[in-house]
Amino acid sequence: MNRNYILMAVNKAGKNVYIDEVPNGKQCGCICKECGGELFAKNNGKIKVHHFAHATGNDSINCSQTALHILAKEIIAEERCVPIPRSGKIEFYSADKVELEKSLGDIIPDIFVTVKGRPFMVEILVTHAIDEEKLDKIKEHRISCVEIDLSNKTFESKEDVRAALKNPFNMKIIYDDDIRMIQERKEILLNYGLKQKICRGGIVVCPKLRSYVPTYFCEDCVFGCKENNDFMRCGFVLPFVLKPNFMEVFNIILKSNTVMFDDEAQKYNASHFGWKATEAVQRAYIMRRFLL
Ligand SMILES: [Zn+2]
């Protein structure tokens, strides 16, 4: 573990402040968030790194780690540019809302964000990595989560931390709910989907288009799933056995579309089906009643 400079402190008003935002020396009137001890600001120098030091001279490693954790969270809250998992990859998105230390009942994510209406979590690793227990809870909440690892690094300024928060090499996906949804949809299609033989790289009669379609179309279609090189499974017309929870199952299939965000999914549905997903469900339902 690395000892870092203390770059954040708590001022008299109880607000988190950066070293360059306060008067020099004792005048800063700040205390340490971790130990509550009085801090002096050392931000006059041109060569030495600007930082806070404890009045007692006793700089514990816990104090600098807590300060780094706060600084990282404040930067993300300021910038609102967050890394989130998207079908197995990390991408940066502008968040609609960023909430620090928001309680979800049994867990408190470091950073809880909303991107295009969907919740995500970002965890900052300084000392404690996410343990099994927290991971299980994250999965239960079904909220995708990225961890940014700032441990074993030394930061001399806010800019250093800012750069580390944008570096994909410091990030890993802790939980990706898109993967769960895709898996859930795949299982349904493999278990209940209509078995279609692949001929000359395609399906002879697509239940939607009623004509020959190449399998790359099926693989891209929310209703399609490849079983092996010989067969595709199509969920456009689900079997009667699913009737009691037909809508529920269909919603799982269509919801895996939220691997894209709602607006992207709408465009996708429009381009692939020529109508919206909800209408696709209704039509398939009606079609089912005619066929049975
Ligand atoms: Zn302290």
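As the structure lists them, so they are numbered: ligands from 1, and atoms in each ligand from 1.
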J.: For the Zn ion (ligand 1), how many protein N, O or S atoms lie at less than 2.8 Å?
T.: 4

J.: With sequence neighbours excluded, tell me which residues meet salt bridge (charged side-chain N to carboxylate O under 4.0 Å, His left out) with D176.
T.: none

J.: Sequence neighbours excluded and cut-off under 3.5 Å, please list the side-chain donor-acceptor pairs for residues 161-168, or say none.
T.:
unit_1, atom_1, unit_2, atom_2, d
R162, NE, E159, OE1, 3.1
R162, NE, E159, OE2, 3.3
R162, NH1, E79, OE2, 2.6
R162, NH2, E159, OE2, 3.1
K166, NZ, E79, OE1, 3.2
N167, OD1, F169, N, 2.9

J.: Within the 3.5 Å criterion, strictly below it, is a donor on N4 or H51 matched to an acceptor on the partner's side chain?
T.: no

J.: Taking the six-membered ring of F231 as reference, does the NZ or CZ atom of K197 fall below 6.0 Å from its centre and within a 45° cone about the axis?
T.: yes

J.: Please enumerate all residues that pass side chain to side chain donor-acceptor pair (under 3.5 Å) together with K139, with sequence neighbours excluded.
T.: none

J.: Any side-chain donor paired with an acceptor under 3.5 Å for N44 and H50?
T.: no

